[in-house]
Novice: 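Quick one: structure below, then a few questions.
Just so it is clear: chains get the letters A, B, ... in the order the sequence lines come, proteins before strands, and each one is counted from 1.
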Amino acid sequence: MQSNAMIEMRGITKHFGSVVANENVDLTVRRGEILSVLGENGSGKTSLMNMLAGIYFPDAGHIYVEGREVVIRSPKDAFALGIGMIHQHFKLVDVLTAAENIILGLPGKLRLDMREVERDILRLTEKYGFEMDPHEKIYEMSVSQKQTVEIVKMLYRGANILILDEPTAVLTPQETDRLFQVLRNMRQQGHSIIIITHKLNEVLSLSDRVAVLRKGHSVGSIQTSEATEKSLTEMMVGRRVDLNIERPQPVNPRLKLKVRDVTVVNDEGREVLSHAAFEAYTGEILGVAGIAGSGQKELLEAIAGLQPLRSGSIEYTNRKGHVKELTRMTAEEIREIGIRLAFVPEDRLGMGLVASMGMTGNMMLRSYKRGRGFFSERKQPRSLAERIMRELDVVTPGVEWPVGRMSGGNVQKVLVGREIASSPQVLMVAYPVRGLDINSSHTIYRLLNEQKKNGSAVICVGEDLDVLLALCDRILVLADGHVSGTVDARDATKEQIGLMMTHHDAKEAQP
Amino acid sequence: MTGAKEPLMHIVKRDGVSLGRAMLVRLVALVFALLVCAAIIFGLTGMNPLNVYAGIWDGAVGTNRRMWVTFRDAAILLCVGFAVLPAFRMRFWNVGAEGQVLVGAMASAAIMIYGKNLPSWALYALCPVAGVAAGLIWGVIPAFFKARWNTNETLFTLMLNYIAMQLVSFAIVFWENPRGSNHVGLINSQGKEGWLPSIGTNSYLLPILIVLALMVGLYVYMQFSKQGYEIAVVGESENTAHYAGINVSRVIIRTMAISGGIGGLAGYLLATGVGHTISTGLAGGRGFTAIVVAWLGKLNPFAMLLVAFFLVFMEKGAIQIATQFSLNENASDILTGVILFFILGCEFFINYRIELRQHAREEVKA
């Protein structure tokens, strides 16, 4: 055993029924390094980490911490070994303060001295450069603040090996930078950090070494300095992958949607979308860029008939050039007048799909009303489900397997597959590749391009500006609920869009 | 952490078990349950458990009449269970079946009392219609408030139970027979006008057949109809339902109309086919036992049939052993509890298996 190895996992195997999560996996984490664990969706990264954190127990294999073989039976055992994991879904009590959450479950002294606890916490946050108020209640915090609490909680418990499962999926670019700075500080203090992420640029900029998993097996590990996006992708996928995103010229674009002066007010009475106006054309992909929560969700939902408008109008032009007003229509009414409007919402399992149903049941969400009579048709949805499973390589035990138990990438394929199957005239997608590995992401880009070539008007809300610039024809930029402008994606720059995302000018809002 | 041993056992998910094997596990669980019950009976009372078991059997299905009564009462309980089933599938917590049954029974009784002189076909037609309609209204009221103002349906349906009881008390003032007795007595006891007819000489069979038909119909409705699909989607997520263009308010009201209507039907069966009277205690807590039936049956109509039969079987047996062995009636509650514990507990072994420490030997080698 090398003397600088913090953790060694040898021959780890874990099966869930007939599903192989990990098979004979080896992994080494060295002292004071940041290790990225990389792999496609469903390649067994999270389950491997869960075995370190004491959530799962391996079927076979050995784990060594600092050279000594250990058995991790529970998260408590993991803490005792200095291993702390920050899960994708935070495990915090909403009504308690940050400090209360941090000490939750610790033995402590008979008399609880919160001031002493807070002093200790502040010492920690200063040491590593966190920004956190120990008095603040969890429900008042943003996602990134909650994540900070989780990390401090682990450090307070003396964790020197930190596991982060897709920590940046929910963060803005600025928050991500701040997190990475903190992680680098921790590395300097001798902590070992394991980070699971799909974003290759983050892997390259942050980590020292990369370990790659493929279909539950370990492929190997390399120094980050010797890796490129291309080489990592090939290790992950197991073959050459074309990382270029295709962008065909729009063919014969015609006006499809005209959105004018749309204002949406949320439950608290705040204007979340103010006088938004834009046009979408057939045969093009219109990107929508903006800082998270700038009104993207409301914009798409307003068009889909899921958000009541305070003011404004939405006009749809059909193939023959007739204009139909969708302004006050519900989703049901839009469907009834024969407009095929497909929508892939941000909240996949909470809005786009029914988690407890299988693929067949979820296909029916769009088609169950079809046909006359009292009973719903099930054969067609079933064959559609089978076709999507085949064509998009959805990994699932069968079309009746609950989609809520599939991995994130497969869930997204099911949702996008269903929406595209209706050959929509307008296709709206929100963060279509969030949480997806690079291979699945490119499958989604390809599907969007297919719809574009078929003459759909595609509207794509995204967070990765590089992708939007490579995929879209035009990009609409939102800033705090206002449209700050539309740019041509073929000659715009990231900096230009970044600037528009933070500043809006009232004059520019009227194109 | 030094000296930490691998846990003695850990739990592994099974991959799907054949039906036969699952049934075998349940059978073994039942045998264990009966053994434990035997030990409890012997330990507490010193009696021969086999005699007590025989007493339960005798009380529930010992004679032809007892058997039919058990079947019929199980059918009625099952019917009330069906009154909560569609609502529960929608995650609408209808704890108001008691009240829905009562108003249904009261409406049917009113028709029997005031329509005594109607032609018999009209009376036979009006009683169920009135019963179902009353239950339906009682179900729709909380659904409307939920759909419109998002009120809490658990509290609302629960409160309506008490209103239904007060309504029945109030009606008894007008209907009491004989005067001053403060209860209604058998309605139309001489001519049996409006009583649920017998099939041949068997007066128990018709309600059983009605409930069995309802079971099949409800299964088909929930499983294969468009409306059944909408119920499942609304139950899972209202957001998804809106997204799919489902009118959520309409589904809530429609489904509670069905639930309430079935409750009213159960009330009709109780008033015209079982008690032939009306009282505040006519529903007898079935509206709450029905929730147990629905959950233990995992909202599957056929499994609910087994649960309802088992509960009624034990209840009838309890009465018998109470008189025969002068045991407290609660003795059978203990037995019911033990049996349910084993039957429900064995589901764990159907879904998971226990794996014993396996590396222990490897470690010795290394």
Side-chain angles (χ1 to χ4, degrees), chain A residues 14-19 56-62 65 68-74 77-82 301 304-307 330-336 343 345 347-357 361-362 364-371 373-378 397 404, chain B residues 1-17 89-91 150 217 220-251 299 351-363 365-366:
Chain A
K14 180 77 188 171
H15 295 195
F16 296 100
S18 63
V19 180
Y56 296 152
F57 190 79
D59 293 342
H62 303 270
V65 173
R68 204 176 60 231
E69 173 153 18
V70 296
V71 174
I72 304 171
R73 291 173 298 189
S74 66
D77 286 356
F79 281 141
L81 291 166
E301 288 187 2
L306 299 168
Q307 276 280 356
T330 63
E332 204 180 357
E333 288 160 349
I334 292 173
R335 177 114 37 98
E336 272 162 13
F343 177 29
D347 187 358
R348 298 162 196 172
L349 289 172
M351 186 180 231
L353 296 167
V354 183
S356 67
M357 290 185 186
N362 275 295
M364 287 174 62
L365 214 51
R366 283 296 193 204
S367 66
Y368 79 96
K369 276 186 186 155
R370 224 173 273 160
F374 188 70
F375 295 104
S376 52
E377 222 278 307
R378 268 163 205 267
Chain B
M1 267 310 291
T2 45
K5 282 270 157 49
E6 187 180 335
L8 184 62
M9 52 178 88
H10 70 275
I11 299 159
V12 179
K13 188 146 176 52
R14 277 188 206 270
D15 203 20
V17 179
R89 279 269 175 94
M90 195 174 62
R91 310 237 172 122
N150 197 23
V220 171
Y221 176 78
M222 297 301 303
Q223 217 61 37
F224 301 110
S225 77
K226 294 177 180 175
Q227 298 189 355
Y229 180 78
E230 289 181 333
I231 292 172
V233 175
V234 170
E236 180 75 25
S237 152
E238 283 194 20
N239 256 336
T240 307
H242 284 297
Y243 167 84
I246 294 172
N247 186 334
V248 174
S249 300
R250 191 167 63 202
V251 173
L299 302 186
N351 289 316
Y352 301 92
R353 66 197 154 82
I354 303 278
E355 201 137 283
L356 289 177
R357 184 189 296 173
Q358 56 175 1
H359 314 264
R361 274 151 288 152
E362 291 173 34
E363 274 164 24
K365 261 191 279 168

Novice: Considering only heavy atoms, which portion of A:S356 lies under 4.5 Å from any heavy atom of chain B: side chain, backbone, both, or neither?
Specialist: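 A:S356 touches chain B through backbone and side-chain heavy atoms alike.
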
Novice: Could you check whether any side-chain N or O of B:K226 sits under 3.5 Å from a backbone N or O of A:G373, counting only pairs where one atom can act as donor and the other as acceptor?
Specialist: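 Flag set: sc B:K226 to bb A:G373 pair under 3.5 Å.
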
Novice: Say whether, by atom type as modelled, one donor and one acceptor occur between the side chain of B:Y229 and the main chain of A:G361 under 3.5 angstrom.
Specialist: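 Between the backbone of A:G361 and the side chain of B:Y229 there is a qualifying donor-acceptor contact (under 3.5 Å).
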
Novice: In terms of heavy-atom proximity below 4.5 Å to chain A, should B:A232 be classed as side chain, backbone, both, or neither?
Specialist: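 For B:A232, heavy atoms of backbone and side chain both lie under 4.5 Å from chain A.
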
Novice: Report which part of A:R348 has an atom under 4.5 Å of a heavy atom belonging to chain B: side chain, backbone, both, or neither.
Specialist: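 When you check distances to chain B, no heavy atom of A:R348 falls under 4.5 Å.
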
Novice: Measuring heavy-atom distances to chain B, does A:L306 have an atom under 4.5 Å in its side chain, in its backbone, in both, or in neither?
Specialist: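 The answer is the side chain of A:L306.
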
Novice: Tell me, out of A:M364, A:R335, A:R366, who's got the most heavy-atom pairs with chain B below 4.5 Å.
Specialist: A:M364

Novice: Heavy-atom cut-off 4.5 Å, strictly under: side chain, backbone, both or neither for A:I334 against chain B?
Specialist: neither

Novice: What part of A:Y56 gets within 4.5 angstrom of chain B, counting heavy atoms only: side chain, backbone, both, or neither?
Specialist: neither

Novice: Can you list everything that forms a salt bridge (charged side-chain N to carboxylate O under 4.0 Å, His left out) with B:R353? Sequence neighbours excluded, please.
Specialist: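 Once residues adjacent in sequence are excluded, the partners of B:R353 under the salt bridge (charged side-chain N to carboxylate O under 4.0 Å, His left out) criterion are B:E355.
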
Novice: Looking at A:E332, A:E333, A:M351, which one has more heavy-atom pairs under 4.5 Å with chain B than the rest?
Specialist: A:M351

Novice: Counting only N and O atoms by type, is there a donor-acceptor contact under 3.5 Å from the side chain of B:S225 to the main-chain atoms of A:F374?
Specialist: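 No, B:S225 side chain to A:F374 backbone: no donor-acceptor pair under 3.5 Å.
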
Novice: Is the backbone of B:Q227 close enough, under 3.5 Å, to the side chain of A:Y368 for a donor and an acceptor to pair up by distance?
Specialist: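 No; zero donor-acceptor contacts below 3.5 Å.
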
